[in-house]
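What follows is a structure written as structure tokens; I'll ask about it next.
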There are 2 protein chains.
Amino acid sequence: MHDHAETHDAAGCCGGDAEGAIARAERICRERDLQFTRLRRDVLAAVAAQTRPLGAYDIAERLSEPGRRVAAVSVYRALDFLTEQGFVHRIASRNAFVSCGHAHSDGAGLVFLICRSCGTIDETTSPEVEHQLGRTLAKAGFKPVSRILEVEGECEACLGRPTEA
Amino acid sequence: MHDHAETHDAAGCCGGDAEGAIARAERICRERDLQFTRLRRDVLAAVAAQTRPLGAYDIAERLSEPGRRVAAVSVYRALDFLTEQGFVHRIASRNAFVSCGHAHSDGAGLVFLICRSCGTIDETTSPEVEHQLGRTLAKAGFKPVSRILEVEGECEACLGRPTEA
DNA sequence: GTCAGGGTGATACACTGTAACACTCCGGCA
DNA sequence: TGCCGGAGTGTTACAGTGTATCACCCTGAC
Ligand SMILES: [Zn+2]
Ligand SMILES: [Zn+2]
Ligand SMILES: [Zn+2]
Ligand SMILES: [Zn+2]
């Protein structure tokens, strides 16, 4: 299921700015005394070069070239590291990954906007939603540890375009 | 729908009341002029008998017996039908399915509560969350079509229990 | 009777993710 | 200097999830 929708991948926050994402990750890893290895850098670069989510096998394929075969399992390990450090997010409804240039220190209020037409994944936060969700959970006596909120629909850019058949 | 002041397991809610779920599905299918076949009934019964989510292969195994082998692909088709009609929900973060006894006519405000300790999946709704989410999406110029909101943590029952190993 | 459509059985396959083991590299230490 | 232990990676194998495709049956319409 790979269509073609090459629309906006200029320099935005989430995807398209691989340079910035890598520089930021490198700096943070230095601060945290973690290894930002070549594989981890390449995986992050591959993900950050897209606004659309990439599967692990996609990434492995992109990184492989004559003379260097990157196995999917290695990609998974790199993705584990990158998600733990908050450099990429996993999109549960797509089994795929997107890069993240934000800080969200505690991962609160995160909302993923997945466009059905162009496949772009945008990311936003909403303290109001988070607040109301907290109240709802408290009322149910449920103590949250993590949560996912993914919305599928039409992004602003695609809505602006005429309804192509 | 769904008061949730009590622990709500006894009657007719998310899981455990296979009889009621089947009767309700049968009635609705008759109203909508759809076929509630044996396989679909059995799959719904298997899912409704649990408060924990079941995978498609789990279901296939449970329905198979000497003399009747139910392939996973058949289960998937039945699940497609049941989810389209709203009789079961798919839990994206678990790749699994739970039955639903509610009406949620438009699927609005749905929140899944997944307990890490006992594995139970509870379902609630929150118009407030829905409202704030709508505002957030409108601000982003995003037109939603569907969405998933799944929270993982500790359910009320498990919190009440001392941390039994 | 014939035909079309929906549901099911069955095989095969693609995609997603993990386990287990070997190897390298590199810093610490006797 | 040589040894050791941990982190990262390569490799193979495998488990889990989901789909494509064809064949068969049944039922209702013509
Ligand atoms: Zn982010
Ligand atoms: Zn779009
Ligand atoms: Zn429901
Ligand atoms: Zn629990």
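Residue numbers start from 1 in every chain, and the chains themselves are labelled A, B, ... in the order their sequence lines are given, proteins ahead of strands.
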Counting only heavy atoms not in R90(B) (residues, nucleotides, ligands), do more than 12 fall under 6.0 Å from its CZ?
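It does: R90(B) CZ has more than 12 such atoms within range.
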Give a yes or no on this: more than 12 heavy atoms of other residues, nucleotides or ligands lie within 6.0 Å of atom CZ of R27(A).
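Atom CZ in R27(A) is packed in, count exceeds 12.
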E154(A)/S117(A) under side-chain hydrogen bond (donor to acceptor under 3.5 Å, both in side chains): CA gap, chis, key distance, verdict
CA-CA 6 Å; E154(A) 300 270 329; S117(A) 297; 2.9 Å; yes
Straight-line distance of I121(B) CD1 to S93(B) OG, nearest 0.5 Å
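Those atoms lie 6.5 Å apart.
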Between atom CG in L39(B) and atom P in dC25(D), what is the gap in whole Å?
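Distance check: L39(B) CG to dC25(D) P gives 18 Å.
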Test salt bridge (charged side-chain N to carboxylate O under 4.0 Å, His left out) on R52(A) and D58(A); report intermediate values, then the result.
CA-CA 12 Å; R52(A) 310 165 45 124; D58(A) 266 344; over 6 Å; no
Heavy-atom count around R116(B) CZ within 6.0 Å, excluding the residue itself: above 12?
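Atom CZ in R116(B) is crowded, with more than 12 foreign heavy atoms closer than 6.0 Å.
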Selection: residues 56-74 of chain B, any non-hydrogen atom under 4.0 Å of DNA chain C:
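Within this stretch, R69(B), V73(B), S74(B) sit under 4.0 Å of the strand.
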Any R90(B) side-chain nitrogen or oxygen under 4.0 Å from OP1 or OP2 of dG18(D):
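For dG18(D), OP1/OP2 do have a side-chain N/O of R90(B) under 4.0 Å.
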Between Y76(A) (OH) and dT9(D) (C1'), how many Å, whole number?
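Y76(A) atom OH is separated from dT9(D) atom C1' by 17 Å.
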Between R77(B) (CZ) and dT21(D) (C1'), how many Å, whole number?
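Those two atoms, CZ and C1', are 10 Å apart.
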Between atom CG in D80(A) and atom P in dA7(D), what is the gap in whole Å?
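After rounding, the reported distance stands at 15 Å.
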What's the spacing between E26(A) CD and R40(A) CZ if we round to 0.5 Å?
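So the gap between those two atoms works out to 13.0 Å.
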Let me confirm one number: the NE2-CD distance from H131(A) to E128(A), rounded to the nearest 0.5 Å.
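So the gap between those two atoms works out to 10.0 Å.
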First and last nucleotide of DNA chain C in contact with chain A, 5' to 3', at under 4.0 Å to a heavy atom: what are they?
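So the contact region on DNA chain C extends dT16(C) to dA20(C).
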Nucleotide dG8(D), atom P - distance to CG of L79(A) in whole Å:
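So the two atoms are 15 Å apart, to the nearest Å.
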